[in-house]
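To keep things clear, I will list the structure first and then write my remarks on it.
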Amino acid sequence: MEKPKLLLVDDVEDIRKQMRWTLADEYEVFEAEDRTEAMELFETHRMPLVSLDLGLPPDSNGVEEGFRLLDEILEIDADAKVVVITGQEQRSHALRAVSLGAYDFFTKPIQIDELHVVLRRGRYVYDLETENRKLHNDVSEDSFQGIVGFSESMQNVFKSIRRVAGSDAEVLVDGESGTGKELVARAVHRLSARSEGPFVPINCGAIPENLLESELFGYEKGAFTGAHARRQGRIELAHGGTLFLDEVGELSPSLQVKLLRFLQEHRLERIGGRQEIEVDVRVIAATNADLEKAMRSQTFREDLYFRLAVVRIPLPALRERGEDVEVLARVFLERYALENGRGALEFDREALAAIHRHSWPGNVRELENRIKRAVIMADGRKITTEDLELATPHALGGKALSLKRAREEVERELISNVLWKHNGNVTRTAAELQVSRPTLYELMQKLGISRGKNNASA
């Protein structure tokens, strides 16, 4: 059986010799003492595994040459598993390397038995990813793990997913509401070594604060009134897999402390319990809030942010994705036409123009919901702007509107869009529109605007 290839990069010959001696039985070992030699070998042999000492000539006491090599290797093969070797005093450099795509890290002196374990796991993950790519070769490049997009901004997202999936680092996915943050989290989970384990999501903003702690951490029988039996929390249920914390910015200060402690120790106590329980879980968090602003106002802990955001994946708004909006619109049209037995439907010219012109404050979720409704409501084989409930300049002009009526139409569309963006939250909508809540309520009543079916917050 062919041995997997391993590249050892270290400027100290004795260290390379020791590592080669202990690893040669299991791997086909290649050696390099500097960045140039390492890149020549990697470009020729494309090793799936790399052991990299950050301190390389011409600055063996620094780390930038090692980081440059890490970036160049991953630029050629984003799936390569690079294990970084660093000194005890350079732990921050190791964490930086993981955030840039390194698979794992070790501090000197190296424990060979532990290195063996990490390399074997890295090889296993690399093989899984290779097999996964083969399975998806017949899928359009515009689709990645169920996420549609060929714009440059989305290709960067896909690249980040591939890089981070092979590690166990915590990930923070941020973006506006409706951009697909849970889809990204599920993609990371499916491509990871934890793919056979559970994926457990919880929306931290949708559960009342007094219930969220028990949902996350579980409770013992008799812990409080109504606790008739022991119950595992979502964190325990995710053991061996991935916990997805949506709207993590909504956590209360006390729960932020408790979550931070869990992330540091990977141990928890159920409510009413005294026994510490060890849980093996990867945490992926998501937010549509500005956590950096929340840290400045001291409503979100800085130490928790840096624990969660070892790797950050920002998602672009739909209005920033160019032609993706039409690709997505056609995908949704085909899907919901099939589901509703409507046969072949298509957009008329004005509907396509309106889709490109609309700012999509609710992002992909808004686009999907509008098209789903349009498929149900459309009379013929063409989807119109009326079916999509999108106004057009031609339609407004044809009504010979008075100045008052035109102003009302603009106000109605603007308020509706911002309400959609904030899921019907009147307080946030009023703040963005820079009006008081009473004024906004009056305008909504006058213009006949409701908060919508998904909107229940004030």
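Quick caveat, the model's predicted, so the values are computed rather than measured. Numbering starts at 1 and runs along the sequence shown.
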Just by distance, do the side chain of [X] and the backbone of [Y] share a donor-acceptor pair under 3.5 Å?
X	Y	answer
Lys81	Asp79	yes
Arg190	Gln145	yes
Arg381	Arg342	yes

- Are Arg123 and Glu26 ion-paired here, with the side-chain N under 4.0 Å from a carboxylate O? no
- Message: What I want to find out is whether Arg68 reaches Glu72 closely enough, with some N-O distance under 4.0 Å, to be called a salt bridge.
- Response: yes
- Does one side chain, of Thr384 or Asp387, offer a donor that lies under 3.5 Å from an acceptor on the other? yes
- Side chains of Tyr219 and Glu213, donor plus acceptor under 3.5 Å: no
- Verdict with reasoning, His239 to Ile277, per side chain to side chain contact (heavy atoms under 4.5 Å, CB included): CA-CA 11 Å; His239 180 73; Ile277 302 164; over 6 Å; no
[X] vs [Y] side-chain heavy atoms within contact, under 4.5 Å:
X	Y	result
Val184	Lys181	no
Arg370	Glu389	yes
Lys258	Glu269	no
Leu70	Leu74	yes

On a heavy-atom basis, which atom in [X] and which in [Y] lie closest, and how many Å separate them?
X	Y	result
Pro361	His358	CD-NE2, 3.8 Å
Val125	Gly166	CG1-CA, 4.0 Å
Gly240	Pro198	C-CD, 4.3 Å
Ala378	Lys382	CB-O, 4.3 Å
Gly178	Asn363	O-CB, 3.4 Å
Thr242	Val281	C-CG2, 4.1 Å

- Sole candidate of Arg270, Arg231, Gln275 that passes side-chain hydrogen bond (donor to acceptor under 3.5 Å, both in side chains) when paired with Glu220: Arg270
Counting neighbours of [atom1] on [X] that are heavy atoms of other residues, nucleotides or ligands and sit closer than 6.0 Å, is the number greater than 12?
X	atom1	answer
Gln298	CD	no
Glu209	CD	no
Phe224	CZ	yes

- Verdict with reasoning, Val83 to Leu49, per side chain to side chain contact (heavy atoms under 4.5 Å, CB included): CA-CA 8 Å; Val83 179; Leu49 301 170; over 6 Å; no
- Task: Show your working on side chain to side chain contact (heavy atoms under 4.5 Å, CB included) between Val375 and Phe332 and close with a plain yes or no.
- Result: CA-CA 10 Å; Val375 168; Phe332 291 141; over 6 Å; no
- Task: Could you check Leu318 against Thr179 for side chain to side chain contact (heavy atoms under 4.5 Å, CB included), going step by step and ending with a plain yes or no?
- Result: CA-CA 7 Å; Leu318 183 55; Thr179 47; over 6 Å; no
- Phe199 and Phe244 aromatic ring geometry - parallel, tilted or perpendicular at 30°/60° bounds: parallel
